[in-house]
Amino acid sequence: MPTPQEILEELKKVKYPGFSRDIVSFGLIRDIQVGYSGVTVYVRNPSSNEEVVATIAREIERSVGAMAGVEQVRVEILGPDPNEQARRAIQSQRRKPENVRHVVAVASGKGGVGKSTVAVNLALAFAALGWRTGLMDADVYGPSLALMVGGKQPVTLTAQKRIVPLERYGIRYVSMALFIDDERPVIWRGPMVAKLENEFLFNVEWGELDCLVLDLPPGTGDAQLTITQRVALDGGIIVTTPQELALLDVRRGVTMFKQVGVPVLGVVENMSYYTCRNCGSRHQIFGQGGGARMAREMNLTLLGELPIVSELREGADRARPLVAVNPTHPASIVFRQIAAKIRAQLDPTLFARVETGSSAD
Ligand SMILES: Nc1ncnc2c1ncn2[C@@H]1O[C@H](COP(=O)(O)OP(=O)(O)OP(=O)(O)O)[C@@H](O)[C@H]1O
Ligand SMILES: [Mg+2]
């Protein structure tokens, strides 16, 4: 009798009908059991097409049956995984704004960790990489992003009543702040918020974009989930500060993205250290290496560690974001490195999705 490993090797020669790839590399084989009564191969339900399923089962029986010592082969087709089904149902409802290639969301477990600062400067770093970049503030309750990029300006609509994004420093952006009266407190209810966000995302005339950066509201509650369930995100970026408490919040962020099947591209540790102006040495006032440790433990990529620099705050206050106005600043360099690390993850993701999308169903 062959061993399960030998059988698996043999199954690598069985091609998925109509594809050059084999059924093992497609992840269809879930288990192989070798017993006195023969071999049982457990197969993940590969397709809704019965003919494809029958062909695969027949091919497995034929190839394993031809191995020396095998007298009987049974193929068990397993039903779809309920979690997988739920994820697919969510994913099938998701869409991307028209002409937008990638959408990434910047999230944080709690407020004030520098999420908007990261979103703005990251968008500018993408633009520096040559990407046509958009930036959107999905934070109804604390909109600040537009002010960080270009101050408050009137918004215009196209003849089709679509929102024309503002443009500055080579990026296109819109923000809730542009539609809200400063004097009026924001006390909208959930459904109104969801509706507004929907308007925003899908009613903006973005034009062709390589990447749209979404600044999510702080936290991992309903508002964030609504967006992650509605927009076909290519990835999530989590911003944190080095305090232990913030690291706990990161876990919630990761769980949120995982729940909806969005890959986490990595973690940005903000306000990691402070470089003394006088002596030039680094001071890690919140403790050292927390982000790296957490990234390791949670199997996440540490995208970058950003220092505390007054220019980042001043730039945000005066709509002069650091990456745009001072591209050689050490923090700007970190932002461009983060952008490059994200870019390295984005294209394969999209490619993989296209490939699996055309194969299993
Ligand atoms: N690395 C940094 N160095 C210095 N100041 C920073 C840094 N990162 C953020 N800040 C400042 O900290 C404050 C909070 O940052 P920001 O508004 O980006 O956080 P946020 O997570 O978006 O907050 P909110 O939850 O309110 O949306 C701002 O004044 C910002 O300019
Ligand atoms: Mg913010």
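Every number for a ligand or one of its atoms is a count from 1 in the order of the listing. Note that the coordinates shown come from a computational prediction; the quantities given were computed from them, not determined experimentally. All residue numbers refer to positions in the sequence shown, counting from 1.
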Flag [X] as yes when one of its N or O atoms lies below 3.5 Å from any N or O atom of ligand 1, and as no otherwise.
| X | result |
| --- | --- |
| Ile308 | no |
| Lys110 | no |
| Pro218 | no |
| Asp317 | no |
| Gly112 | yes |
| Thr117 | yes |

**Study point:** Shortest reach to atom 11 (C) of ligand 1 by a heavy atom, considering only Arg313, Glu314, Met148
**Key:**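 Among Arg313, Glu314, Met148, the closest heavy atom to atom 11 (C) of ligand 1 comes from Arg313.
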Point to revise | Heavy-atom proximity to atom 19 (O) of ligand 1, best of Gly114, Ser116, Ser108 | key: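 Heavy atom nearest to atom 19 (O) of ligand 1 belongs to Gly114.
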Check your understanding: Are side-chain heavy atoms of Glu98 and Phe202 found at a separation under 4.5 Å?
Key ->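 Side-chain contact under 4.5 Å: no.
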Check your understanding: Any side-chain heavy atom of Asn270 within less than 4.5 Å of one from Val113?
Key ->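 Sidechains of Val113 and Asn270: no contact.
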Check your understanding: Would you say Asn121's side chain and Val323's backbone share a donor-acceptor pair under 3.5 angstrom?
Key ->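 Answer holds: yes.
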Exercise for review: Report, in ascending order of atom number, the atoms of ligand 1 lying under 4.0 Å from any heavy atom of Gly111.
Suggested key: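 The list of qualifying atoms is 25 (O).
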Practice item. Considering the heavy atoms of Pro307, write down every atom of ligand 1 situated less than 4.0 Å from one of them. Key: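 Result: 1 (N), 2 (C), 3 (N).
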**Study point:** Qualifying residue for side-chain contact (heavy atoms from CB on, under 4.5 Å) with Val268, from Leu302, Val118, Thr240, Val334
**Key:**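 Single side-chain contact (heavy atoms from CB on, under 4.5 Å) partner of Val268 among Leu302, Val118, Thr240, Val334: Val118.
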Check your understanding: Does ligand 1 have an atom under 4.0 Å from some heavy atom of Leu312?
Key ->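 Leu312: in contact with ligand 1 (<4.0 Å).
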Review point. Does CD in Glu9 sit with more than 12 non-hydrogen atoms of other residues, nucleotides or ligands closer than 6.0 Å?
Key: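 Check passes, neighbour count above 12.
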Check your understanding: Taking 4.0 angstrom as the limit, do Asp210 and Arg132 come out as a salt bridge?
Key ->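 Yes.
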Point to revise | Electrostatic pair Glu311-Arg320, nearest N-O below 4.0 angstrom | key: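 Salt bridge flag = no for Arg320 with Glu311.
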Check your understanding: About how many Å separate CZ of Arg74 and CD of Gln33, when rounded to the nearest 0.5 Å?
Key ->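 Rounded to the nearest 0.5 Å, the CD-CZ separation comes to 9.0 Å.
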Review point. Quick one: CD1 on Ile60 to CD on Glu10, what's the gap to the nearest 0.5 Å?
Key: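 Atom-to-atom, Ile60:CD1 and Glu10:CD are 12.0 Å apart.
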Check your understanding: Under 4.0 Å from ligand 1, counting heavy atoms only, is it the side chain of Val118, its backbone, both or neither?
Key ->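 Neither part.
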Exercise for review: Look at the N, O or S atoms of Thr117, main chain and side chain alike, and state whether any lies under 2.8 Å from the Mg ion (ligand 2).
Suggested key: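 No, since none of the N, O or S atoms of Thr117 sits under 2.8 Å from the Mg ion (ligand 2).
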